[in-house]
Every structure is written in C-alpha cells, then in structure tokens.
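Below: one structure, written as structure tokens.
Everything numeric here is computed off the predicted structure, so don't read it as measured data. Just so you know, these numbers use all the heavy atoms, side chains as well, and skip hydrogens, waters and symmetry mates.
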Amino acid sequence: MKTILFSIPFLLIIFLQLFSGRTQQKSSNRNDYADSVSIRKAFSESPVLSARESIRKMQIEKGFGVHVVATEPLLNTPVALSFDDKGRIWVVEMENYMPDSLGTGEDLPVGKIVILTDRNGNGIMDNRKIFLDSLVLPRAICFVENGILVAESPNLWFYEIKNDKPVNKTLVDATYAEGGNVEHQPNGLFRALDNWIYNAKSTKRYRKQGNKWLIEKTHFRGQWGISQDDQGRLFYNNNSENLQGDYFSPGFGATNSNQSRLAGFSESIIKNNKVYPIRPNTGVNRAYMKGIIDENLKLVNFTAACGPVIFSSNLFGADYYGNAFVAEPSANLIKRNILSNEGNLVTGKQAYVGREFLASTDERFRPVNLYTGPDGALYIVDMYRGIIQHKTYLTPYLKSEIKARNLTQPLNYGRIYKVLPKGKKVRGVKIPQDPEKLIALLSDSNGWIRNKAQQMLVDGKDISLGFPLRQVLNSGSKNLGRVHALWTLEGLGALEKDDVLPLLKSTEWALRMQALAVLPSVLTRENYKEFLPVLMAMLNENDTLAAPYLAFLNPHVHAFDPAAAGKLLLEISKKYAGNSFISDAIISNLQNREAGFYKEFTSINPDTSLVLIKRLKKIVDDMAKRKVNTTDPAKEFPKGLALYRSICQACHGADGNGVNGLAPPLNNSDWVTGDKKRLAAVVLYGLTGPITVSKKLYKAPDVSGEMPGIASNTNFSDEDIAQVLSYIRGSWTNSTDKVSKEEVAATRLKHKGRQHGFTEKEFF
C-alpha cells in the first residue's frame, strides 16, 4: 500500500480554499434568501381582479390575444363546458368546491349546469339560464341524441331536453365514480370518433343503443380532462405529467385483467414536465420541499396538469394544428406542445424553452379545462379562485399560505376566455340541421365542427343517408371527411363489409388504420371469412403498422372461428415476438390462457430473450404466486375498504396493481407486507422520489414523483388509518398481520412535526 504525504503548505491551501468556498456559499445563501424574501414580499398579496384586469396580467405568445367570453356574475366556479349546435355554451359549475381549507359544506347541493347565450353576436355571453341545479359537485356533461349526460358523483345521469329544460331523468351508471375524492374521480365524458364516450380517471366507456346504455371496460386514462387527435386516439394526463396518450385506437386491448400494463396505452407523450411560471408559486401544496420551487420561488415541474386539448383548428395557422395545449392552474399558465407522428407512435416536445404559450401573474387565474371552439378559437375555463387543492391532501404549509394571503374568499367567481390571433375576428357558429349540409361539414377544417356534424348525423338515426355518406367515403379526397363518413355509417348501424374491405387494402395508413378499428362493428359469422385473407395478407406483407391491430382483432375472429383465430395469433407471435407493442397486443387475447400459450410458443421458439416470452412468463409466475386468503379483508375491515377506495384506489388501482403514470403496485409489494411501522409512516407522511418495489425500480414518468401523506388531515383517525393499512396488508395476494390504531399512534408520535415525505433512503 502506498502512503500519500501532504506538505503543510498544501494542506493550508486546501483549507483556505474550502474556507473561502464556504464563506462565499454562505454569502450566496444570504443573497438568495434576501432575494426570495424580496420576491415573496412583492407578491405577498393576491388581489381579486376583474376579468379584463386579469387579462392584463397575462403574457401570451406574440401575435395572440385573450378575450373575455363570460365572467361573473354570469357564471360561478366553472370546471367544464360543452357547445351545442346553436353556438351556446353549457357550463358545469362545481360550486362549493373547497369553500375553505377544511372543505366545510362541500357536500351541499348547490352545483349547477347553466346555458350561456350571446344574444347580440359580439362574442361575449350576455344571458344565463339554469338548466339543472341542486347538484353536488358536478364534473362533466355530454350531449347525446335528445338529451345530455351529467356526471354527479357517484352517479351518471341522462336527462332528456325539452325547451331547454330537463325531463325524463335516467340513471345510466350508479357506480360511475364509486369511491375516490373530488380530485380523483372520473370526468371528461368525451364523445370520441368511434362513437363511444370515454372518461379520464376511469376504466369505463358508454354508448346509447336505442333505449339502453352500453357500459364496457376500457383502459384507465389520466386524471382530469381528455381529448383526441384526428385519428381518434385519446390524450390525457395526470397532475405531474405534461401529456399521456394512446398509440392505438381506444377500443382495443382492455380484455386481459391479468395484464397490468399494455404497451401503447397510457404512454408518456411529452417527457419534459418543466413549467415556466412568471410569478412565485408559494401557494403550491408542497412548495416547502426541495426541488418543488426554484430560487425565485417558481414552480419547477407540473403539479396540477389538467384539461389537455389536441387543438384541431386552422385558425392559428398550420403550425398550431394538432398541437397539445395543457393547463397548469397551480402555476397559472397554459403550455403548448408540438406533436409528431411516426407510424403508430406519437412523440412530442414543448414548443418553447424557458417560456409558455400563456402565463399570468394573477395567482387566482386557474385554467382547469381547454377546448377547441366551434369558431376555431382556443377556449379556456378559468375556475378563478385561491384554493384549488382538495382537503384530502392539503398540507399545513398550504393552509398557512391560504390564511396569510386571504386565498379562501371569494368563491363565486369564474371566467371563460378565448384565444385568437390578433387582427382576426370570428363569429359564433350555428350548426345546420339539414343532413346534406351536415354531411358536407364532415370535411370541415375545424375538428370540432367535423365531430359535431358526425354526432348530429348519428343522433338523427336516418339510415337513408347511407348513399350520400358512401359518396364521401369513396370520394378519394379529403381523408378526414372519409374517416368521419366511415364512423358516421358505423354510428347509424349502416356500415357494410363492402365499405370496409377496400379501405383495408388502401396504401394510406390513416385509412387502413380506421378500417381495422371499425372492423369489429361489421364482422359477422356470415362475412368473417371474407376478411381473413385480407388480414393474413397484411401479416404476410410485413405490414408492421397493422400488426398490433391484427392481434387486437383476434378476439372478434375467435368468436366465430377459434381455430382460425388461434392460427392467426400464432403466426403473429412467430413474426413479432420481439416487438413490445405487438407482444402485449397478443397477450391481451389470452385471459387465463397465458400458461398454455406460453408452453405452446416456447416449444416452437425457446428464446427466453424475446419480449413475448418474458412478458408471458412474468404473468404466468405472478398467477402462480397468488394466494387465496381464508378471510375476506373487505368484511373484516369495511372502513378500510371505503378509505382505500377514497384515497388510494385512484392511484394504486382497484386490484392493487398500480396505475401507470401514477403509482406502483401494493399487491405483492414488500413495502406493504414488510415493516408495519414503515408502511404507516409512508401513509401518514408520504414518500418522495424513486422507489424499489419487489426488486423493481419505479420512478417518474412511470409513476408520479410523490405520494402525498394524510397525517395533517383531521378527518382520518388513527383507527381509520389502521383499518386501511390492515385492508391493504390482507388483500389480493397479500396475507399478513393487521395494524392496530396504537401502532399508528406510535408512528405519528415518533415523527411528530414532520412536514415532508420520506425518501426510500431514509428507511434503509
């Protein structure tokens, strides 16, 4: 071993350098502190501004302007809207959301659905009519046929409309939003290209068929807000992630409950989650934590991303068409993202570095939903209030911020704005009732108009329109019009095999994709054999774009010919076992047949490095590990089940397997079945940063960067927390001892005064 000798002068130099560095660091820290105090003082007040005054606090991309569409007293606490065919705006008012930091009176029936009208045509709403009142925290609406769907948790209602009044109320789904708190309940009610109605924060989709409502399982998507691109693929996000979305048509792949993750759905579209506010954001729930706000007290990354829209208008110019705009109410801004398509994949990037499309210094500007309007403008729903964080996760830090800067009142404000290019004027749009004119609008340059025309034609149920719709479908030009004509025929129940077969052979992927997506609606026992050779030709011709769809379509073939379906699936597997998207599409067919298929395929190709084999083996192994509990934790811990549904299920899933983009699994988790004190500490105070669960690392964007704690929420007693911990430790494949309220109390006492979440390193 060598001995290293240092001379005294060398050590002295090192010491002086270190001392000097520390002195400079202390000086720098003092300067930073002084700067932050100065910044905080400059923005210490959060005055209530009129809509026009608030606009003056906004900085927007050059060449654009913000215009008032509606403001108080015409509306109150808006959270969502929908335009009708007359150009009127129907607004959901979530009145009594967080009346104070305790949420006092939040369950009072004071919410409303209102109709706003612009009577003089100047672009500003000037008349308010209440359609529905006495609602408890309503969250979404959707026009269907002669009525409107209204989401009022836990129910989904359908009201027929007569003379702008609700009649014949029908319960569509009594468990639309079973469990969960206000921030984590289904919403959106988005009527998509495929004629189904999808939601954010939900695994259900809806469709009216005659007098019946169909409810089907679909993929879990996002948290608040949902949109689609021209191909009908859905986009959404969670509060900490800029934009998520699907690579494939939304109706496929949600068929195997043993498959916890399906590649191509809930994908992270924009990896960059940075935000660039123009005011301090000390009123963020965990601003006291390192890395949440920067030295200028501004939010660093998304913490309340919501209300995304894929902008489908040419009003802003070609560079903006298909862009994704995302609201961030915590930072008082709206982000613009540019999307790119390459085959089935969608990627994107932020439009700017260091700035936003729109940002405000008005702390009460709270954009919560964005829309493309009938006139082609970008519409903004501004909840305009001080408090947006729900009480379930409200920290003592934010409570003090709310009190110090009087953010509780007022509560009866709200605005709708629209963004227009400077110098451009737009008029309100009324959609004609004439079917021929509606068919012409299927090719309109504005996506909102195309979608509305399709919906009105479908709702009209006039199957005699088959001929003019087929003229558009077979026109050979304006592919968007052809796509909408295809799905309009599907919605009318008038689609025929001869409408689809030619499109399956199209050289344009956009048309082949829609033909594959619509195929389940036209496939029958009588005609499926005519489609099989076309599907096999796609496979033999190495149509890699179509290959995932061939796998997704397999269950529909299987319903008529199991042998043919099995042969097709095996051939797809042989060719694409190394492709993650196609492998997962294959596995989506194999509910409870994974072990048999694994054995069959490995006898043909034993290469264990193949994606298909690895993913099949994991599912087979996981199924083998499942244990049957001798007791029912739901019966033993009923309050635990209720609390799990309210505060845990939204992120960790009903099956405990976690939700992609939000949280890791609790099922078969060493964090759950291990040390009770550690589990209690995490639930009480939260967990920040990457976490390793059962030897697998989970980090953003696969999961949110932070799990919030509930120690400061006085609504949850030690007994409540013990119940939910015991329920989790005894559910699914977990089977271990319960947690007592005394153990929770001891954990709370040990960490008394703690204000921030733990990190994994603190436990190991």
Side-chain angles (χ1 to χ4, degrees), residues 194 196 203 205 207 209 214-219 246 248-265 344 490 495-497 500-501 503-504 512-541 543-577 579-605 611-613 615-616 619-620 623:
D194 67 358
W196 284 86
T203 57
R205 66 176 188 168
R207 185 167 180 171
Q209 189 175 77
L214 306 180
I215 305 175
E216 287 189 358
K217 181 186 176 185
T218 185
H219 300 280
D246 301 343
F248 307 109
S249 297
F252 289 124
T255 48
N256 188 346
S257 60
N258 298 322
Q259 189 177 24
S260 59
R261 171 82 172 95
L262 186 68
F265 292 89
N344 283 319
E490 192 274 349
L495 192 66
E496 299 176 357
K497 67 177 176 60
V500 180
L501 275 169
L503 297 180
L504 288 172
R512 289 205 314 285
M513 172 185 167
Q514 298 304 326
L516 289 163
V518 83
L519 188 54
S521 296
V522 75
L523 205 63
T524 66
R525 187 174 299 279
E526 290 70 34
N527 68 25
Y528 82 91
K529 289 184 179 179
E530 295 184 61
F531 287 101
L532 280 179
V534 181
L535 301 181
M536 286 302 298
M538 288 182 173
L539 182 63
N540 294 332
E541 292 165 6
D543 189 343
T544 55
L545 295 176
Y549 286 88
L550 299 180
F552 287 136
L553 284 166
N554 205 258
H556 302 280
V557 176
H558 189 274
F560 307 123
D561 192 335
K567 180 181 178 183
L568 177 61
L569 196 65
L570 193 59
E571 292 303 314
I572 297 169
S573 303
K574 289 177 182 177
K575 184 166 284 193
Y576 295 110
N579 183 296
S580 60
F581 300 108
I582 302 171
S583 293
D584 277 4
I586 292 166
I587 294 170
S588 73
N589 289 266
L590 302 174
Q591 172 90 25
N592 298 328
R593 295 188 292 126
E594 295 90 348
F597 193 86
Y598 175 77
K599 184 177 181 180
E600 179 182 11
F601 187 73
T602 52
S603 68
I604 298 169
N605 188 339
V611 174
L612 178 59
I613 290 180
R615 296 193 177 184
L616 271 173
I619 292 175
V620 172
M623 292 174 69

Task: Set of residues satisfying side chain to side chain contact (heavy atoms under 4.5 Å, CB included) with respect to S588, sequence neighbours excluded - done: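 Only T255, Q259, L262, F552 meet the side chain to side chain contact (heavy atoms under 4.5 Å, CB included) criterion with S588.
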Open item on the list: For L570, give me all partners under side chain to side chain contact (heavy atoms under 4.5 Å, CB included), at least two apart in sequence or on another chain.
Closed with: K574, F597, E600, F601, I604
Distance in Å, [X] [atom1] paired with [Y] [atom2], rounded so as to fall on 0.5 Å steps:
{"X": "I215", "Y": "W196", "atom1": "CD1", "atom2": "CH2", "value": "9.5 Å"}
{"X": "L616", "Y": "T602", "atom1": "CG", "atom2": "OG1", "value": "9.0 Å"}
{"X": "L516", "Y": "F531", "atom1": "CG", "atom2": "CZ", "value": "10.5 Å"}
{"X": "Y576", "Y": "F581", "atom1": "OH", "atom2": "CZ", "value": "14.5 Å"}
{"X": "L612", "Y": "S580", "atom1": "CG", "atom2": "OG", "value": "11.0 Å"}
{"X": "I587", "Y": "N258", "atom1": "CD1", "atom2": "CG", "value": "10.5 Å"}

Task: Nearest non-hydrogen partners of P555 and A551, listed with the distance - done: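 Closest pair (atom of P555, atom of A551, distance): CD-O, 3.9 Å.
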Task: Nearest heavy-atom neighbours spanning P520 and F252 - done: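 Scanning both residues completely, I find the closest heavy atoms to be CG-CE2, 3.9 Å.
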Decide yes or no for [X] and [Y]: does some side-chain heavy atom of the first lie under 4.5 Å from some side-chain heavy atom of the second?
{"X": "D543", "Y": "R512", "result": "yes"}
{"X": "H219", "Y": "P250", "result": "no"}
{"X": "L553", "Y": "L519", "result": "yes"}
{"X": "L545", "Y": "M513", "result": "no"}

Open item on the list: Quick one, D194 with R207, criterion salt bridge (Lys or Arg N to Asp or Glu O under 4.0 Å). Give me CA distance, side-chain angles, the key distance, then yes/no.
Closed with: CA-CA 10 Å; D194 67 358; R207 185 167 180 171; over 6 Å; no
Task: With sequence neighbours excluded, residues passing side chain to side chain donor-acceptor pair (under 3.5 Å) with Q514 - done: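 With sequence neighbours excluded, Q514 shows a side chain to side chain donor-acceptor pair (under 3.5 Å) to W487, given in chain and number order.
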Task: Verdict with reasoning, L214 to R205, per side-chain contact (heavy atoms from CB on, under 4.5 Å) - done: CA-CA 8 Å; L214 306 180; R205 66 176 188 168; over 6 Å; no
Could you tell me whether the side chain of [X] and the main chain of [Y] form a donor-acceptor pair under 3.5 Å?
{"X": "N527", "Y": "T524", "result": "yes"}
{"X": "E490", "Y": "V518", "result": "no"}
{"X": "N540", "Y": "M536", "result": "yes"}
{"X": "N554", "Y": "A565", "result": "yes"}
{"X": "S249", "Y": "G251", "result": "no"}

Task: Verdict with supporting geometry, R261 and D584, salt bridge (Lys or Arg N to Asp or Glu O under 4.0 Å) - done: CA-CA 8 Å; R261 171 82 172 95; D584 277 4; over 6 Å; no
Open item on the list: Can you tell whether the side chains of D561 and R525 come within less than 4.0 Å, N to carboxylate O?
Closed with: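 Result for this pair is no, no salt bridge flagged.
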- [ ] Consider only side-chain N and O atoms of N256 and N589, and report whether a donor and an acceptor are under 3.5 Å apart.
- [x] no
Task: Atom NZ of K217 with >12 non-hydrogen neighbours under 6.0 angstrom - done: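 For K217, atom NZ is crowded (more than 12 foreign heavy atoms under 6.0 Å).
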TODO: Go through the steps for N344 and Y549 under the test side-chain contact (heavy atoms from CB on, under 4.5 Å), then give the verdict.
DONE: CA-CA 10 Å; N344 283 319; Y549 286 88; 4.0 Å; yes
TODO: Fit a plane to each ring of Y528 and F560, take the angle between them on a 0 to 90° scale, and name the class: parallel (under 30°), tilted (30 to 60°) or perpendicular (over 60°).
DONE: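 Parallel: the ring planes of Y528 and F560 meet at under 30°.
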